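Numbers here are sequence positions counted from 1. Keep in mind that this is a model prediction, so the values were computed, not measured.
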Amino acid sequence: MCDLVWVIGQAQNLVSHHLRRLRQAGLAGSRRQGRLAMYTLTDRGRALTHTVLAPAPTANPATNRT
């Protein structure tokens, strides 16, 4: 989580709160590795991320002829 805190530039408690919500929603998973918590997106989280970040469809000028 420390890496996320640094990258996002927000307080650790805020990042922790949002990661907890993502886990509760089934969008992220976590595992402990010593003192570190490793977070990953679930298949559902990856699908949602792909949908949200996919480029918007562009209009085809050939279909807009009048």
Side-chain angles (χ1 to χ4, degrees):
M1 178 172 35
C2 295
D3 290 341
L4 282 174
V5 169
W6 181 77
V7 169
I8 296 170
Q10 297 293 327
Q12 183 173 352
N13 62 338
L14 181 65
V15 173
S16 178
H17 171 77
H18 284 88
L19 286 169
R20 187 176 330 111
R21 293 292 185 164
L22 289 170
R23 285 181 43 227
Q24 290 171 345
L27 300 174
S30 67
R31 64 179 172 82
R32 303 287 303 169
Q33 187 172 352
R35 293 179 57 202
L36 298 176
M38 308 300 282
Y39 291 88
T40 59
L41 290 174
T42 61
D43 290 340
R44 183 176 170 207
R46 278 189 290 282
L48 178 61
T49 302
H50 176 72
T51 301
V52 170
L53 298 178
T58 57
N60 184 350
T63 61
N64 292 333
R65 293 183 191 165
T66 55

*Asks:* I need the T40 OG1 to L27 CG distance, nearest 0.5 Å.
*Replies:* 11.5 Å

*Asks:* Do you know the tightest heavy-atom contact between Q10 and V5?
*Replies:* O-CG1, 3.1 Å

*Asks:* R31: what forms a side chain to side chain contact (heavy atoms under 4.5 Å, CB included) with it, not counting sequence neighbours?
*Replies:* Q33, M38

*Asks:* Indicate, with yes or no, if L53 and L41 share a hydrophobic cluster defined by side-chain heavy-atom contacts under 4.5 Å among Ile, Leu, Val, Met, Phe, Trp and Tyr.
*Replies:* no

*Asks:* Do other residues, nucleotides or ligands put more than 12 heavy atoms under 6.0 Å from the CZ atom of R46?
*Replies:* yes

*Asks:* Examine L14 and I8 and state if one hydrophobic cluster contains both, with Ile, Leu, Val, Met, Phe, Trp and Tyr joined whenever side-chain heavy atoms are less than 4.5 Å apart.
*Replies:* no

*Asks:* Check S30 against R23 and note the closest heavy-atom contact, atom names and distance.
*Replies:* OG-NE, 3.3 Å

*Asks:* Could you go through the side chain to side chain contact (heavy atoms under 4.5 Å, CB included) check for L4 and L19 one step at a time?
*Replies:* CA-CA 10 Å; L4 282 174; L19 286 169; 3.9 Å; yes

*Asks:* Nearest 0.5 Å please: distance from the OG1 atom of T49 over to the CZ atom of R44.
*Replies:* 11.5 Å

